[in-house]
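Data block below; observations after.
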Amino acid sequence: MIHLIDSRLHHAVLDAFEATFGKRPKDQQIQIQTTRPEFEGDRTLVVFPLAGMAGAPPHVAAEQLGQVLQERCDWIDGFGVVKGFLNLSLTDACWNEALADALRTPHWGAATPGSRPKVMVEYSSPNTNKPLHLGHLRNIFLGYSVSRILKAAGHDVVKVQIINDRGIHICKSMVAWKAFGQGETPTSTGEKGDKLVGRYYVAFDKALKADIAEGMARGLDAKEAEAASPIMQEAREMLQKWENGDEDVVALWKTMNGWVYDGFDETYKAMGVDFDKLYYESDTYLLGKSQVEEGLKRGVFFQKEDGSIWVDLTEDGLDEKLLLRADGTAVYMTQDIGTAILRFADFDNLDRQVYTVGNEQEYHFKVLFLVLKRLGFAQAESNHHLSYGMVELPEGKMKSREGTVVDADDLMKVMRDTARSISNDLGKVEGFSEAEKDDLAQMVGHGALKYFLLKVAPAKSMMFDPKSSIDFFGNTAPFIQFNVVRCKSILRTTGTQADALSWSEMTALDDSERQLATGVLSFPAVVQEAAEQYDPSLVANHCYDLIKSFSSFYQDHPIAKETNEDIRSMRLALSALVSTTVSHGMAMLGIDMPERM
RNA sequence: GGCCUUGUAGCUCAACUGGAUAGAGCACCUCACUACGGAUGAGGAGGUUUGGGGUUCGAAUCCCUACAGGGUCACCA
């Protein structure tokens with residue numbers, strides 16, 4: 001779908017068909033696509049779906065339609081028929097008009113803000129017992145990017161995160177810190193808070209393993225040995241104290257979580273992402289409990305003899321699912337019910353919530369949405385689980401206990417350092433201040449990383465080979481950035497004001513110029529599609545295709561040096577459009593474009 | 001075992017949701033070259049789209065089936 005032209009063409013085809021064959025096709029039957037380069041023409045109408053209604057073989061109907069369209073539309077100056085494909089050539093005036101319109105449009109690619117309903121996007125959902133890793137990076141970049149795409153598509157967007165700050169796993173690092181920490185703090189060690197706490201989580205695991213080994217040596221099986229482990233018992237006791245509001249435990253919990261939040265903030269800042277509002281499970285699980293009990297009273301849920309509360313989803317093809325334990329304590333689902341309801345209460349007119357969570361939780365979200373619906377939240381129908389595949393390493397899944405995690409901070413640093421040394425080697429940063437070099441290394445290095453993670457369709461699991469995955473050449477952010485910089489450089493040196501450019505309507509566009517125009521003009525439709533599919537990879541790949549065309553165009557088309565004034569203006573306009581289109585697209589991926597590199 | 005999901009060039013990914021001769025990048029081999037910024041461009045080679053059936057004007061895409069990976073079916077989160 002290219003802006004202005006295709007909608008115009010769509011209607012022209014409907015009218016021409018009706019005039020020729022006496023019937024009006026449905027919108028669905030009109031398929032317009034870009035003409036393949038090996039054929040003459042710009043836009044192609046696929047006539048096969050219309051042949052039946054026309055009562056003629058596809059190539060005959062195509063021929064007739066072509067004739068009529070050419071007669072009726074002064075902006076179509078030729079056509080060709082290949083089998084059931086009608087290839088239409090558009091006039092230069094038609095292209096120039098569409099380009100001029102795009103040039104006048106502010107925020108090219110974005111729909112009117114607020115023209116679509118308000119949506120909430122959740123991403124990140126970290127635990128407060130360990131640092132962020134590569135999997136979180138995919139999650140966070142994906143959620144952040146989707147929120148920007150939704151915004152560009154005209155939605156109001158609220159970005160939130162849920163923080164998993166309670167439960168036995170949190171107590172583990174607290175117990176270990178008390179046992180082995182000797183009062184260490186991030187200030188005393190100079191360590192990032194999340195890293196410090198994570199270290200004690202690992203220490204707990206190590207101590208637990210030792211206890212289990214010792215227990216098994218006494219003849220217990222693995223489960224019994226874990227139950228008998230002294231350090232495990234401590235953790236359980238601490239959880240009980242926490243739930244009972246024990247002052248010391250709560251104080252320690254606040255302190256250690258505070259360290260982690262400081263660490264996370266640093267990482268989020270480096271990533272270039274932010275949130276509008278934070279939710280904590282410690283704040284929402286009680287609401288979840290009361291909602292479940294309420295649901296039980298209303299007969300939506302049922303209770304077993306032991307007192308546990310369940311929902312029966314067999315009608316929906318699922319199983320019975322536990323919502324509250326017999327002892328009245330909350331499970332994962334309880335919390336999520338509470339969180340969801342709280343959010344609907346916090347933001348009235350919220351059309352839906354989008355949860356960016358790994359695909360291993362698909363079943364969980366199916367259940368959650370059904371439960372919400374039964375509780376009477378109609379919005380839950382349009383809720384969406386933005387599910388994404390695992391990031392796999394060559395040696396398999398990441399496992400924190402086996403030390404095969406790729407740490408988020410470390411990876412970002414490697415990316416910055418690599419970008420920096422490449423810039424240095426190429427002699428690109430002479431005359432840059434240290435601060436400018438840092439900025440550039442961050443834009444390029446982090447850009448490469450974000451692009452790498454976002455160019456793959458979310459549903460797919462992806463391979464990350466630390467040794468060779470991340471590249472700075474080819475289909476990468478640095479390649480895109482480089483070409484945008486080149487583009488900007490031309491506009492800068494010519495002093496071009498894009499909105500002041502004018503050239504003749506009759507200026508002829510050659511094949512590569514039309515290709516650029518097509519890429520620019522189809523961008524708004526790509527953004528809409530990406531929003532509907534929650535898929536940033538569509539935007540990423542579109543930006544790459546467009547900039548690649550530009551790079552090729554640049555090679556053998558003079559722009560600033562062109563002597564024909566009309567052609568020069570048209571090429572400058574195209575360059576400006578490519579530059580802003582790609583910059584907008586990349587911004588939707590959270591990737592910045594430098595001025596020089 | 002039930003359900004979900006994936007399988008495309010040596011590797012990492014596309015393919016406008018059923019359209020024309022399945023496209024890119026990396027790696028490999030040619031060629032262009034003091035370029036309006038070479039972090040470049042042009043070309044070559046590389047495919048029975050996991051196998052087998054089916055649906056139709058037309059299938060990587062839809063259906064059936066077999067095979068292979070991943071996930072899930074927790075009073076973990």
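All chains are named by letter (A, B, ...) in the order of the sequence lines, taking the proteins before the strands, and each is independently numbered beginning at 1. Small disclaimer: the values here were computed from a predicted structure and weren't measured.
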Do the side-chain N or O atoms of A:Lys460 get closer than 4.0 angstrom to the phosphate oxygens (OP1, OP2) of B:A14? yes
task = Look at the side chain of A:Asn87 and the base of B:A20, then say whether one donor and one acceptor between them are separated by less than 3.5 Å.
result = yes
With heavy atoms under 4.0 Å as the rule, sort A:Ala457 into base, sugar-phosphate or nothing.
sugar-phosphate
**Asked** For A:Phe85, which contact category applies under a 4.0 Å heavy-atom criterion: base, sugar-phosphate, or nothing?
**Response** base
Regarding the side chain of A:Phe482, the nearest nucleotide among B:G37, B:C76, B:G71 is B:G37
Side-chain ion pair, A:Asp6 and A:Arg43, N-O less than 4.0 Å: yes
Under 4.0 Å, counting only non-hydrogen atoms across every strand here, what does A:Phe479 touch: a base, just sugar-phosphate, or nothing? sugar-phosphate
Sugar-phosphate only, base, or nothing, as touched by A:Thr44 at under 4.0 Å among non-hydrogen atoms: base
Over all strands shown, is A:Glu595 touching base, sugar-phosphate only, or nothing at heavy-atom distances under 4.0 angstrom?
base
Query raised in the report: Which part of the nucleic acid, if any, lies within reach of A:Met1 when heavy atoms closer than 4.0 Å are counted: base, sugar-phosphate only, or nothing?
Result: nothing
5'-most contact on RNA chain B (nearest-nucleotide basis), A:Phe452 vs A:Tyr544, goes to A:Phe452
Requested in this report: Looking at every strand, decide which applies to A:Val82 at a 4.0 Å heavy-atom threshold: base, sugar-phosphate, or nothing.
Outcome: base
Classified by glycosidic angle (syn within 90° of 0, else anti), B:U5 comes out anti
> Would A:Phe473 pass as stacked on B:A39, i.e. its ring centre under 5.5 Å from the base's six-membered ring centre and planes under 30° apart?
Replying inline: no
Quiz item: Does A:Asp510 pair with A:Arg514 as a salt bridge, N-O distance under 4.0 Å?
Solution: no
**Report entry** Side-chain N or O of A:Arg36 closer than 4.0 Å to phosphate OP1/OP2 of B:G23
**Finding:** yes
Exercise for review: Hey, can you tell me if A:Phe85 and A:Phe48 have their rings parallel, tilted or perpendicular (30° and 60° cut-offs)?
Suggested key: perpendicular
- request: Report which part of the nucleic acid A:Lys548 touches: base, sugar-phosphate, or nothing (heavy-atom distance under 4.0 Å, all strands).
  value: sugar-phosphate
Checklist entry - When we call it a touch if two heavy atoms are under 4.0 Å apart, what does A:Asn127 touch: a base, just sugar-phosphate, or nothing? => result sugar-phosphate
Among B:A15, B:A77, B:G37, the one nearest any side-chain atom of A:Leu538 is B:A15
Residues at least two apart in sequence or cross-chain that pass side-chain contact (heavy atoms from CB on, under 4.5 Å) with A:Ser229, listed by chain then number, are A:Leu208, A:Asp211, A:Ile231, A:Met232
- Task: Looking at every strand, decide which applies to A:Gln533 at a 4.0 Å heavy-atom threshold: base, sugar-phosphate, or nothing.
- Result: base
* Is A:Arg166 close enough and on-axis enough to A:Tyr285, meaning under 6.0 Å and within 45°, for cation-pi? -> yes
ask   = Between B:U21 and A:Lys83, is there an OP1 or OP2 to side-chain N/O distance shorter than 4.0 Å?
value = yes
On RNA chain B, more 5' by nearest nucleotide between A:Pro58 and A:Val46 is A:Val46
N-O pairing of A:Glu320 and A:Lys304 below 4.0 Å: yes
Margin query: Within the 4.0 Å heavy-atom criterion, would you say A:Ser489 contacts the bases, only the backbone, or no part of the nucleic acid?
Written below: base
Against the side chain of A:Lys428, the closest entry in B:A39, B:G38, B:A20 is B:A39
Checking B:C73, B:A77, B:C4 against the side chain of A:Gln361 (C-beta onward), the nearest is B:A77
Assign A:Glu529 to base, sugar-phosphate, or nothing according to its heavy-atom contacts below 4.0 angstrom with the strands shown. base
